[in-house]
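Notes for the one structure printed next.
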Amino acid sequence: MTEDRIGQTVTVAGWVQRRRDHGGIVFVDVRDATGIVQVVLDPTEIPEAHRLRMEFCVSITGEVRARPEGTVNPDLATGRVEIGATGLEVLSPADTLPFMIEDRVEVDERTRLEFRYLDLRRPSMAANVVARSRAIAAMRRVMDRLGFLEVETPTLIVSTPEGARDLLVPSRLRPGTFYALPQSPQLFKQLLMVAGVERYYQVAKCYRDEDFRADRQIEFSQLDLEGSFWGREEVLETLEEIVVEVVRELRGVELERPFLRLTWQEAMDRYGTDKPDTRFGMEIVDLSDVFAETEFRAFSATLDAGGVVRGFNAGGQETSRSRLDGLVERARELGAKGLVWMVVQPDATLRSPVAKFLSDDELAAVVERLDARPGDLLLVAADEWRTAASVLGQLRVELGRPAGHRELAPLFVIDFPTFEPTEDGGWAPSHHPFTAPVDVDQMASDPEHSISWAYDLVLNGAELGSGSVRIHDPEVQAKVFDVLGIEPEEAERRFGWFLRGLRYGTPPHAGFAIGIDRFVSILRDEPNIRQVIPFPKTQTGADPLTGAPSAVADTHLAELGIMLRPGLGADDR
RNA sequence: GGGGGCGUGGUGAAGUCUGGAGUUCACGCCGGCCUGUCAAGCCGGAGGUCGCGGGUUCAAAUCCCGUCGUCCCCGCCA
């Protein structure tokens with residue numbers, strides 16, 4: 001609706017974004033999915049103009065004309081023209097709104113979800129819907145270009161008690177038994193490789209019944225993909241193609257390839273996390289050797305016990321005593337035994353509560369290692385390696401993460417450990433039990449140091465997804481189960497249907513899954529994924545719009561052979 | 001399972017610390033005036049179980065206990 005339509009008679013249908021009723025003349029901004037245009041109504045010709053209210057759905061006919069001198073609105077794409085109305089039809093009036101359809105109003109999120117259909121009319125939310133669609137379209141475009149087949153897998157599957165809690169669906173035809181909703185299409189996509197599909201992808205809904213977070217919902221979407229005769233390189237190259245295409249589509253920028261790669265060990269050592277945010281420095285530095293001979297008990301005791309002393313330069317920060325005490329408190333919350341702060345003075349000496357316990361050489365070495373300049377705040381932790389890493393990593397992010405996230409820093413973390421220790425002294429898969437170890441013999445003899453062919457995609461410090469080269473040899477699979485303490489009988493009972501499939505000529509294969517909600521929310525600068533999910537749930541799993549989850553009729557339960565335990569609070573139906 | 005923030009006309013906020021009449025501001029809604037606005041303006045009006053329950057007090061939005069809802073975080077998320 002621009003100047004090239006001047007003189008044309010048009011009909012616009014949409015919603016009343018705003019009305020400005022001057023009595024003798026009425027201006028109405030009409031909004032549809034494509035934009036906003038100003039309509040001018042003369043109440044002497046169209047008396048109904050006075051009745052218009054926000055969000056009425058209307059159809060207006062009139063002539064497009066140039067706006068009079070001095071009334072052009074440069075903020076509007078259609079601001080040089082207006083429609084002189086000759087006819088007005090109210091297609092549907094609107095009740096008084098629960099909130100206004102504008103971005104600048106912050107509304108309680110529960111209310112937004114209860115009236116999500118109105119919330120989605122807000123420009124930024126409408127743009128999120130568009131962005132999500134375009135992101136998925138870009139993904140499909142790449143997959144199609146690379147010769148992938150989109151294959152659907154079932155959402156009512158067998159429960160495999162492993163990983164997250166399953167969501168269960170009772171079976172009517174087989175009372176007392178349950179389907180599970182898939183946590184991912186993992187095993188089905190591997191069987192598609194056995195089936196000879198070779199290049200598979202799917203935009204898949206996944207379900208994990210764990211507690212909610214800003215970046216976690218009970219149901220979410222993944223771009224799931226898998227390739228036969230593939231190893232890690234093929235997967236990572238494909239991922240780069242996808243990420244570059246989606247970022248180009250949503251941000252209009254061209255990411256550099258190849259993406260940065262860090263091994264898991266490097267990521268943990270330098271950033272204290274397996275999902276580093278590399279948009280800023282403040283890298284963590286090992287100081288253990290600096291304090292190898294230290295007199296300072298807190299450090300020497302930790303080192304003697306096999307721990308580490310590490311720190312990072314937080315740069316220029318507010319260094320009031322209360323702030324510094326707060327950081328120490330925060331470190332304790334995060335599990336550290338303590339935290340040592342040092343503030344670099346103008347003469348390059350260090351102000352620190354522990355300075356008097358440290359030698360001049362040690363202090364000088366710290367300044368040098370951390371490249372410290374006057375005004376810098378240095379944070380040092382002495383602890384068991386993993387604790388030191390996670391505490392410093394968390395503090396680094398809290399002190400350094402840039403506001404907003406316009407920059408994009410994608411990277412791959414590779415060479416994940418195959419296992420992580422469990423509380424009872426055993427081993428749990430750090431990715432999943434179908435992940436191929438790099439060295440099978442070492443995996444069996446030294447599980448602690450075994451590296452697997454697992455990798456993550458990280459964007460701005462958020463885990464966008466993970467994948468791995470899979471085990472295609474039943475012998476290797478059996479050895480992994482052995483390390484995990486899963487007896488062959490148990491493996492057969494839980495995964496037999498899948499393991500049988502591996503015994504009929506399984507091609508080597510590898511794959512990945514990208515979290516679509518997280519990806520789009522980062523590219524849209526949204527602080528949580530609910531903003532890019534049209535109908536999300538609250539932190540307690542409720543949908544304020546529909547009232548889900550709800551109690552159901554006793555007759556319905558009886559049909560399923562289900563009797564509820566008393567006192568669950570859901571029996572007030 | 002645990003820690004923290006928030007809950008006040010339809011919406012957003014102030015008032016809560018330090019108890020004293022449901023008080024205030026902006027938007028919306030209703031009525032009136034108004035022919036060039038674009039967050040229109042001006043005048044008038046309606047609209048409340050201060051989330052809910054209990055307690056302390058002469059008196060509770062305010063203090064205490066409990067509970068519900070919501071958000072953030074830890075645990076959890078192969």
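Order of the sequence lines sets the chain letters (A, B, ...), proteins ahead of strands, with each chain counted from 1. Note that this is a predicted model, so its numbers are computed, not measured.
Looking at A/Glu82, its side chain comes within 3.5 Å of the base of B/G36 through a donor and an acceptor atom. Looking at A/Arg67, its side chain comes within 3.5 Å of the base of B/U37 through a donor and an acceptor atom. Interface remark: the A/Glu106 side chain does not form any donor-acceptor pair with the B/U11 base, using a distance-only criterion of under 3.5 Å.
A/Glu333 has its CD atom 11 Å from the P atom of B/C74, to the nearest Å. A/Ile101 places its CD1 atom 21 Å from the P atom of B/C38, with the value rounded to the nearest Å. For A/Glu45 and B/U35, the CD to P distance is 15 Å, given to the nearest whole Å. Whole-Å rounding puts the A/Gln38 CD to B/A39 P distance at 11 Å. Taking atom CD of residue A/Glu109 and atom C1' of nucleotide B/G7, one finds them 15 Å apart after rounding to whole Å. Nucleotide B/A40 holds its C1' atom 15 Å from the CG atom of A/Leu41, rounded to whole Å. Rounded to an integer number of Å, the gap from A/Asp456 CG to B/C77 C1' is 13 Å. A/Asp103 places its CG atom 14 Å from the P atom of B/A39, with the value rounded to the nearest Å.
Side-chain contact annotation: A/Thr387 with A/Glu384, donor-acceptor N/O pair under 3.5 Å present. If you check the side chains of A/His509 and A/Gln190, you find a donor sitting under 3.5 Å from an acceptor. Donor-acceptor pairing under 3.5 Å is recorded for the side chains of A/Thr153 and A/Gln202. Side-chain polar atoms of A/Glu526 and A/Asn128 form a donor-acceptor pair below 3.5 angstrom. Between the side chains of A/Asp517 and A/Gln217, no donor N or O sits under 3.5 Å from an acceptor N or O.
Classified by interplanar angle (parallel below 30°, tilted 30° to 60°, perpendicular above 60°), the ring pair A/Phe481/A/Phe434 is perpendicular.
Taking the P atoms as reference points, B/C30 lies 15 Å from B/G10, given to the whole Å. B/C72 and B/C25 have their P atoms separated by 34 Å, with the value rounded to a whole Å. Separation of the C1' atoms belonging to B/A21 and B/U62 is 15 Å when rounded to the nearest angstrom. For the P atoms, the distance from B/G75 to B/G48 is 46 Å, rounded to whole Å. A gap of 40 Å separates the C1' atoms of B/G44 and B/G5, to the nearest Å. Going from the C1' atom of B/U70 to that of B/G51 covers 11 Å, rounded to whole Å.
Both A/Arg208 and A/Thr44 lie close to RNA chain B; mapped to their nearest nucleotides by heavy-atom distance, the more 5′-ward contact belongs to A/Thr44. Looking at which nucleotide of RNA chain B each of A/Val40 and A/Arg330 is closest to, the 5′-most match is held by A/Val40.
Among the protein residues, A/Pro68 comes within range of the nucleic acid bases, having at least one heavy atom under 4.0 Å from a base atom. Residue contacts for A/Thr435: at a heavy-atom cut-off of 4.0 Å it reaches no nucleic acid atom on any strand shown. The residue A/Arg65 sits close to a base: some heavy atom pair falls under 4.0 Å. Nucleic acid contact for A/Ala428: none, since no nucleic acid atom lies under 4.0 Å from a heavy atom of the residue. In this structure, A/Arg530 reaches the sugar-phosphate backbone alone: every heavy-atom distance under 4.0 Å involves primed, P, OP1 or OP2 atoms, never a base. Residue-level contact check: A/Pro429 touches the backbone only, with heavy atoms under 4.0 Å from sugar-phosphate atoms and none from bases.
Contact between the side-chain N/O atoms of A/Arg20 and the OP1/OP2 oxygens of B/U37 is not found at any separation under 4.0 Å. In this structure, A/Thr540 reaches the B/U70 phosphate: one of its side-chain N or O atoms is under 4.0 Å from OP1 or OP2.
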query: Once each nucleotide of nucleotides 25-34 of chain B is scored for protein heavy atoms under 4.0 Å, what B/S/- sequence comes out, 5' to 3'?
result: --SSSSS--B

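Listed nucleotides B/C73, B/U37, B/C71 differ in distance to A/Arg213; the shortest reach to its side chain belongs to B/C73. Comparing B/G36, B/U11, B/U70 by their nearest atom to the side chain of A/Phe99 picks out B/U11. Checked against B/G75, B/U70, B/G36, the side chain of A/Asp108 finds its nearest nucleotide in B/U70. In the set B/G75, B/G12, B/C72, the nucleotide with an atom closest to the side chain of A/Gln539 is B/C72. Relative to the side chain of A/Ala542, the nucleotides B/C77, B/C38, B/U70 differ in distance, and B/U70 lies closest. In the set B/C71, B/A39, B/C72, B/C72 carries the atom at the smallest distance from any side-chain atom of A/Ala214. For A/Arg216, the side-chain atoms get nearest to B/C77 when compared with the rest of B/A40, B/C77, B/G36. The side chain of A/Arg110 lies closest to B/G69, out of B/C73, B/G36, B/G69.
Checking B/G41 for Watson-Crick or G-U wobble geometry (two distances, each under 3.5 Å) identifies B/C33 as its partner. When both distances must be under 3.5 Å, the Watson-Crick or G-U wobble mate of B/G69 is B/C6. Pair assignment for B/U57 gives none, since no Watson-Crick or G-U wobble pairing has each distance under 3.5 Å. When Watson-Crick and G-U wobble pairs are counted only if both distances are under 3.5 Å, B/G75 pairs with no nucleotide at all.
Counting only residues at least two apart or in different chains, ring pair (Phe, Tyr, Trp, His ring centres under 6.0 Å) contacts with residues 25-57 of chain A comprise A/His22-A/Phe27. Pairs engaging residues 468-485 of chain A under the salt bridge (charged side-chain N to carboxylate O under 4.0 Å, His left out) rule: A/Glu226-A/Arg470 [sequence neighbours left out].
A distance of 11.5 Å separates NE2 of A/His432 from OG1 of A/Thr160, quoted to the nearest 0.5 Å. Note that CZ of A/Arg232 and CG of A/Leu236 are 6.5 Å apart. Values are rounded to the nearest 0.5 Å.
Of the possible polar contacts, none joining the A/Arg530 side chain to the A/Pro536 backbone as a donor-acceptor pair under 3.5 Å is found.
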